Amino acid sequence: MRRKIAAGNWKMNGTAAALSELDALAASISDDRATVVICPPAPLLYRAVECTKSSPIQIGAQDCHVQTSGAFTGDISAPMIADTGAAYVILGHSERRDAHEESNSDVRQKVKAAWAANLTAILCIGESGDDRAANNTLDIIGGQLSGSLPDATTAENTVIAYEPIWAIGTGLVPSLEQIIEVHDFIRARLITRFGADIGNAIPLLYGGSVKPDNAGTIFQAENVDGALVGGASLKASDFAPIISALAAS
Ligand code: 13P
């Protein structure tokens, strides 16, 4: 049995007023069949940890620097994130790969930095619309997996999120067959590289326009162990039914 994880990526949304959504979300979680992780913007991390202390909600960051400290104005290190009480960090999100030109090797160094601070990495991979149109999806995914995942990957230190770039924030969602094809491919690659025990245990999330009305269908795929949710994680009333659909899957 793999861990089921519903993770919310708030991206650059939310000030202190948004913390009330965490209270509402905590009140709506009725069982522990799915781990719930919320990744707010960095200035909210500490307060988010404080206000979820007596709830099952875990807190994560959205990026970390490779170094632990130093002259890197504006950046945040993995030990700083861990110091807030957060337990996860999203790494290699396509918005960072694009806007900050993060390469697979940059992302791999960040994953190692996260592990060194005892954070669980949520590694994002995904193809562009052009990659998919050119039938290059599996090549791109294979390259991102081999380039971004360090050798010491385990099911405890890493979660993988498949997020097709063309599905992020667009309302477009791959067909269930397309999701199954990519998730089965990722699972096979993980087993080949890390062995059956680790490869079968690493949770695989789908991300990209997950909403309450499509979550149940997406969670039917055998190798989909949860979701990384953007827009629909901002309101507890949207995220709670996605969590329930995952728990029931
Ligand atoms: P949306 O759910 O808003 O499409 O965003 C997905 C995403 O990028 C999560 O990391």
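As the structure is a prediction and not an experimental result, all values here were calculated from the model. All ligand and atom numbering here is 1-based and tracks the order in the structure. Residue numbers run from 1 in the order of the sequence given.
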[X] to ligand 1, any heavy atom closer than 4.0 Å:
X	value
S209	yes
K11	yes
G169	yes

Pair [X], [Y]: side-chain N/O donor-acceptor within cut-off below 3.5 Å:
X	Y	value
R2	N200	no
S20	D23	no
N104	S148	yes

For L228, counting its heavy atoms only, list the atoms of ligand 1 lying under 4.0 Å from any of them.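 Ligand 1 atoms under the 4.0 Å threshold to L228: 9 (C), 10 (O).
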Which of the ligand 1 atoms, numbered from 1, are nearer than 4.0 Å to a heavy atom of E163: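 Under 4.0 Å from E163, ligand 1 has these atoms: 6 (C), 7 (C), 8 (O), 9 (C), 10 (O).
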Within a 6.0 Å radius of atom OH on Y46, are there more than 12 heavy atoms belonging to other residues, nucleotides or ligands?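 No, because the 6.0 Å sphere around OH of Y46 holds 12 heavy atoms or fewer from other groups.
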What protein heavy atom sits nearest atom 3 (O) of ligand 1, and how far off is it?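 Nearest protein contact, heavy atoms only, for atom 3 (O) of ligand 1 is G231 N, 2.8 Å.
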Quick one: nearest non-hydrogen protein atom to atom 2 (O) of ligand 1, plus distance?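 Result for atom 2 (O) of ligand 1: G230 N, 2.9 Å.
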Electrostatic pair E102-K110, nearest N-O below 4.0 angstrom: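 Result for this pair is yes, salt bridge flagged.
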Does ligand 1 have a heavy atom under 4.0 Å from the side chain of I168, from its backbone, from both, or from neither?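 The part of I168 near ligand 1 is both the backbone and the side chain.
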Looking only at atom types and distance, does a side-chain atom of W10 sit under 3.5 Å from a main-chain N or O of I38, one as donor and one as acceptor?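 Checked: no pair found.
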